[in-house]
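Following: one structure in structure tokens, then a few remarks.
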Amino acid sequence: MTDTPIPPSEMAKLSRVLPFWMSFGLVPLAWIGALYGGWALLIVPVMTWYLFSALDAALGLNTENADLSADDDDLYWYKMITIVWAPVQFLLLVSLLWYVPQAEHLSTLERVGVFFGVGVITGTVGINYSHELMHQKSKMERWMADMLLAMVLYSHFRSEHLLVHHRYVATPRDPVTARYNEGFHRFYPRVLRECWHSAFNAEKAMLARKDLPWTDLSNPFWRYWGLQLAFFLLAFTLGGWSGVGLYVVQAGVAIWQLELVNYIEHYGLTRKHLGEGKYEHVQPRHSWNAAHKASNWLLINLQRHSDHHYKPDRRFAVLQTYGAEKAPQLPYGYPVMTMLAMVPPLWRRFMNPHVRRWREMYYPEITDWKAYDKAETPMPR
């Protein structure tokens with residue numbers, strides 16, 4: 001860990017900001033795939049998964065932390081990354097929904113391949129940027145988050161993330177805390193089923209506390225449904241039923257990318273039950289941390305996840321990284337870890353020893369983990 005924080009004046013320099021803008025380079029690559037088809041369709045997945053894995057290996061870790069006194073003026077060009085991305089992604093999606101269904105040089109499989117690549121972008125970048133936006137106080141930024149999530153048919157993620165995940169992370173009430181020994185092939189269908197219900201019930205409960213029914217127009221689910229319907233109609237208008245099918249393909253890929261990340265961020269980590277439905281407060285040790293430089297550029301410091309859960313209101317540029325004495329460390333960045341997660345036996349062989357060491361380090365007093373492993377400790381109050 002670097003002891004001296006980066007001063008705000010240094011943070012504001014373009015040389016510090018520009019690496020985080022690299023995600024915009026994926027946009028023309030999606031169009032290259034659409035224009036040429038064939039092997040060009042592999043460019044986006046290869047760049048996103050493998051190039052950044054190789055860059056992580058070459059560039060190593062970034063253990064520097066920004067000075068927390070940096071204000072919005074210092075962070076202006078960081079803030080603009082997520083704000084500019086929303087209209088850029090919209091234009092990418094609608095332009096390809098218009099072009100690809102009528103592109104005679106592309107076979108059906110190649111058309112699906114184009115939108116597989118688009119889904120990698122809207123999942124890896126778009127949903128991640130929506131996550132940054134939804135945590136902000138600005139109504140404009142929150143609306144941009146809703147637009148990005150509607151583009152991938154996963155609007156309820158905002159409610160689930162803010163009202164359920166952050167409050168109940170590492171407890172049985174949080175659907176997206178992956179349980180010890182739970183393979184991704186079991187985690188994925190479970191969260192698809194449970195997260196929608198937990199999000200809807202959280203919004204319903206908030207309205208009930210105001211003596212309002214779930215049907216009240218202030219329920220954000222009306223906005224979610226309206227935006228998603230608008231994008232379905234737009235896809236049909238631009239590309240007919242083929243456009244609708246391709247739109248659904250990219251949404252499915254994007255959701256898969258999101259839930260792969262959700263899976264690795266808290267795998268096997270649990271908060272200690274203190275009795276009578278009370279759990280310890282969220283600490284950096286309840287999220288896996290990764291200080292890998294290149295993948296944090298791509299993911300705007302999402303891998304500094306320990307600090308994000310500890311201080312959710314911090315903008316990504318000032319998220320802190322921690323050493324192994326305060327937070328568990330992933331051995332590789334998210335691109336490598338998500339690929340490992342797709343092979344459950346390999347994942348368990350690789351990650352379970354890390355979880356066991358985490359337990360021994362932070363909770364040596366707990367000798368029986370069976371209830372934690374099966375999410376059978378009492379529901380938090």
Side-chain angles (χ1 to χ4, degrees), residues 127-128 130-131 134-135 145 149 154-206 220-221 255-289 302-313 327-328 330 334 337-338 341 347 351-352 354-355 358-359 362-363 366 369-381:
I127 297 182
N128 184 29
S130 79
H131 169 255
M134 73 175 65
H135 276 283
L149 291 174
Y154 221 53
S155 297
H156 66 276
F157 174 62
R158 179 165 77 91
S159 294
E160 198 283 332
H161 186 79
L162 297 177
L163 301 181
V164 182
H165 180 58
H166 269 275
R167 183 175 181 182
Y168 298 115
V169 65
T171 74
R173 185 162 286 174
D174 177 35
V176 300
T177 296
R179 300 158 189 171
Y180 181 74
N181 250 358
E182 182 180 27
F184 182 73
H185 65 298
R186 298 189 185 280
F187 170 86
Y188 190 41
R190 180 175 67 76
V191 296
L192 290 180
R193 181 180 66 254
E194 293 180 6
C195 283
W196 191 95
H197 289 287
S198 67
F200 185 85
N201 289 335
E203 294 289 358
K204 182 180 177 181
M206 284 187 66
F221 271 78
I255 293 166
W256 165 59
Q257 292 283 278
L258 166 68
E259 296 303 352
L260 267 172
V261 169
N262 276 337
Y263 175 75
I264 67 175
E265 285 175 336
H266 305 280
Y267 174 78
L269 306 183
T270 51
R271 283 193 271 162
K272 183 179 179 180
H273 180 236
L274 304 177
E276 299 181 349
K278 293 181 181 179
Y279 286 81
E280 63 178 316
H281 291 299
V282 177
Q283 298 292 329
R285 63 176 173 267
H286 297 121
S287 307
W288 291 99
N289 187 70
L302 179 66
Q303 299 175 140
R304 296 186 169 203
H305 209 61
S306 298
D307 196 51
H308 171 65
H309 270 273
Y310 185 49
K311 298 290 182 181
D313 58 340
L330 288 175
Y334 282 11
M337 298 307 296
T338 52
W347 171 266
M351 279 301 295
N352 282 5
H354 289 276
V355 176
W358 173 85
R359 291 175 172 181
Y362 292 107
Y363 302 101
I366 300 177
W369 287 92
K370 291 179 182 177
Y372 289 97
D373 291 344
K374 297 180 180 180
E376 292 177 349
T377 51
M379 284 290 178
R381 296 192 305 183

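Sequence positions, counted from 1, serve as the residue numbers for this chain. Since the model is a prediction, treat every value here as computed from it, not as a measurement. Computation of the quantities below employed the complete heavy-atom set of this structure, encompassing side-chain atoms and omitting hydrogens, waters and symmetry-equivalent molecules.
Side-chain contact between His354 and Trp288 is present, with heavy atoms from C-beta onward closer than 4.5 Å. Put simply, the side chain of Val169 does not reach to within 4.5 Å of the side chain of Tyr279, judged on heavy atoms. Side-chain atoms of Thr270 and Trp358, non-hydrogen and from C-beta on, do get closer than 4.5 Å to each other. In this structure, the side chains of Asn289 and Pro284 stay at 4.5 Å or more apart for every pair of heavy atoms.
At least one cation-pi condition fails for Arg359 and Tyr372: the charged atom is not both under 6.0 angstrom from the six-membered ring centre and inside a 45 degree cone around its axis.
In the displayed structure, Tyr310 atom OH is contacted under 6.0 Å by at most 12 heavy atoms of other residues, nucleotides or ligands.
By the 30° and 60° cut-offs, the orientation of the rings of Trp347 relative to Tyr263 is tilted. By the 30° and 60° cut-offs, the orientation of the rings of His305 relative to His309 is perpendicular. Taking the six-membered ring where the residue is Trp, Tyr363 and His286 present parallel rings, their angle staying beneath 30° rather than reaching 60°. Using cut-offs of 30° and 60° on the angle between ring planes, the pair Tyr154 and Phe157 is parallel.
Considering only residues two or more places apart in sequence or on other chains, Arg193 meets the side-chain contact (heavy atoms from CB on, under 4.5 Å) condition with Arg190.
Judged by distance alone, the side chain of Ser306 and the main-chain N or O of Arg285 form no donor-acceptor pair under 3.5 Å. With Glu259 contributing its side chain and Tyr188 its backbone, the two residues share no donor-acceptor pair below 3.5 Å.
For His266 and His165, the gap between ring centers is short of 6.0 Å.
A pairwise comparison of heavy atoms in Tyr334 and Glu265 identifies OH-CG, 3.2 Å as the closest pair.
When only modelled atom types and interatomic distance are considered, Tyr168 and Ser198 share no side-chain donor-acceptor pair under 3.5 Å. Between the side chains of His197 and His156, not a single donor N or O lies within less than 3.5 Å of an accepting N or O.
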